[in-house]
Amino acid sequence: MADIRVGTEIPPLQLPPITRSTLALYAGASGDHNPIHIDSDFAKGAGMPDVFAHGMLSMGYLGRLLTQWKPQARIRKFSARFTAITHLQDVVTCMGSVVELIQINDERCARVEIRAVKADGTATLVGEALVAI
Amino acid sequence: MLDRSLIGHEFPNFSVDIEKGRLKFFAKAIGETDPIYTDEASALEAGHKSIPAPPTFLSAVDMEGPDPVPVITLLNLDIGRVLHGAQAFEYFEPVYAGDTLTVGSRVKNIFDKKGGALEFVEIENSYTNQSDTLVARAICTLIYTHPRSES
């Protein structure tokens, strides 16, 4: 894969707006039943304007960004910090680029910086991955 | 302050069957469009032994233990003050529908920032399959916020 070099951009992934249905489905599928994500009464009682998205939902989207770029079996490491809350109706776009090519254990890898960003430019997740190339 | 003597605490291991239907449901919930994650025939055609677990599915596996978030019980945390700060995975082998994973989990570290206003709890998990192969490791960092009046 000689086409991968420092600066190579990963094709971005734009998601549909986050809805209550999105959060209900993710709560069920992930087993994360924390009511702050699915019960408006609970969220308001905790001082939030409304329910908001699971951080791991957006990390799931970042995972899709990676696996639509390269086969999942090539992902060696994948990490993210949660830097802002994703609210209802937010439109999240995942993007990233190659920042370094490195040799690890006889394997050539691309280190990619990745992030999930809201329409107003706020980064909600900032992370990186190590992908064998 | 959270009890630092609990650094190194190991939670009891538990095992989780990776079910095909659950993987399809998870793939749907993250909007996955690649058919290998939802259709077994497509997965087999692409050279997989069954439907693969997506990269972040291990966090769903964590929730399948006897206590979904045992650190909350161990440290007696108020769930309304717990934030997920960061998550990291390291992958060694793929995970497929039909596998059984055993999850080992321990408190890797507890530390604070901003003069104790924020405490950080790192939980390290390991995932071993039915062939005793270590397939992945993960570190989940939780942030515990303290109201100003307490700090």
Side-chain angles (χ1 to χ4, degrees), chain A residues 13-16 18 21-37 42-43 45-48 52-69 71-83 85 92 94 125-132, chain B residues 16 21-34 36-37 43 46-48 51-65 68-69 72 78-96 120 135-143 145 147:
Chain A
L13 175 68
Q14 185 177 325
L15 286 309
I18 300 287
S21 298
T22 318
L23 303 186
L25 273 177
Y26 188 75
S30 69
D32 184 345
H33 301 163
N34 185 340
I36 200 104
H37 303 298
F42 182 92
M48 296 299 298
F52 57 94
H54 308 74
M56 287 306 296
L57 171 62
S58 290
M59 194 166 178
Y61 294 151
L62 279 182
R64 285 182 55 203
L65 175 82
L66 295 173
T67 59
Q68 73 171 20
W69 183 55
Q72 187 178 334
R74 293 174 184 265
I75 304 174
R76 300 287 175 261
K77 292 183 179 183
F78 173 28
S79 61
R81 286 182 300 113
F82 303 97
T83 52
I85 286 177
V92 172
C94 296
L125 271 77
V126 176
E128 67 171 54
L130 198 61
V131 180
Chain B
V16 180
R22 179 68 181 280
L23 290 183
K24 292 182 187 180
F25 183 22
F26 187 85
K28 178 182 179 183
I30 60 170
E32 184 57 73
T33 54
D34 184 338
I36 67 164
Y37 294 103
H48 298 285
I51 291 177
T56 61
F57 186 75
L58 294 170
S59 290
V61 170
D62 295 346
M63 304 274 178
E64 294 301 304
V69 194
I72 291 193
D78 170 4
I79 192 171
R81 288 158 52 192
V82 178
L83 300 171
H84 194 178
Q87 182 72 36
F89 299 102
E90 186 173 9
Y91 305 100
F92 308 111
E93 293 291 334
V95 176
Y96 288 110
F120 293 75
V135 295
R137 263 198 284 262
I139 294 175
C140 169
T141 305
L142 299 177
I143 302 176
T145 57

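As the structure is a prediction and not an experimental result, all values here were calculated from the model. Proteins come first, then strands; the chains are lettered A, B, ... in the order of their sequence lines, and each starts at number 1.
- In plain terms, the two heavy atoms of A/Met56 and B/His84 that are nearest each other are SD-CE1, 3.6 Å.
- Expressed to the nearest 0.5 Å, how far CD1 of B/Ile30 lies from OH of A/Tyr61 amounts to 8.5 Å.
- Nearest heavy atoms, B/Tyr91 versus A/Lys77: CD1-N, 4.4 Å.
- Looking at every heavy atom in both residues, B/Ala60 comes nearest to A/Ala29 through CB-O, 4.3 Å.
- The line from CG of B/Leu58 to CZ of A/Phe78 is 11.0 Å long, rounded to the nearest 0.5 Å.
- If you take OG on A/Ser30 and CD on B/Glu64, they are separated by 9.5 Å, rounding to the nearest 0.5 Å.
- No donor-acceptor distance shorter than 3.5 angstrom exists from the side chain of A/Arg76 to the backbone of B/Glu90, with no hydrogens or angles considered.
- With a 4.5 angstrom heavy-atom cutoff, B/Phe92 does not touch chain A via any of its atoms.
- Contact annotation for A/Ile75: both backbone and side-chain heavy atoms come within less than 4.5 Å of a heavy atom of chain B.
- Summarising the geometry, atom CD1 belonging to A/Ile85 is positioned 7.0 Å from atom CG belonging to B/Leu83; distances are rounded to the nearest 0.5 Å.
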- Query: Step by step, would you call B/Thr33 with A/Arg64 a side-chain contact (heavy atoms from CB on, under 4.5 Å)?
  - Reply: CA-CA 9 Å; B/Thr33 54; A/Arg64 285 182 55 203; 3.9 Å; yes

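- Under the 4.5 Å side-chain criterion, counting only non-hydrogen atoms from C-beta, A/Gln68 is not in contact with B/Asp34.
- Chosen from A/Leu57, A/Thr67, A/Leu13, A/Leu66, the residue pairing most often with chain B at heavy-atom distances under 4.5 Å is A/Thr67.
- A/Gln72 places a side-chain N or O within 3.5 Å of a backbone atom of B/Ala53 that can act as its donor or acceptor partner.
- Contact annotation: the side chain of B/Ile143 never approaches that of A/Phe82 to less than 4.5 Å [non-hydrogen atoms, C-beta and beyond].
- Your options are B/Ala138, B/Ala136, B/Pro68, B/Pro55, and the one with the most heavy-atom pairs under 4.5 Å with chain A is B/Pro55.
- For B/Thr141, no part lies under 4.5 angstrom from a heavy atom of chain A.
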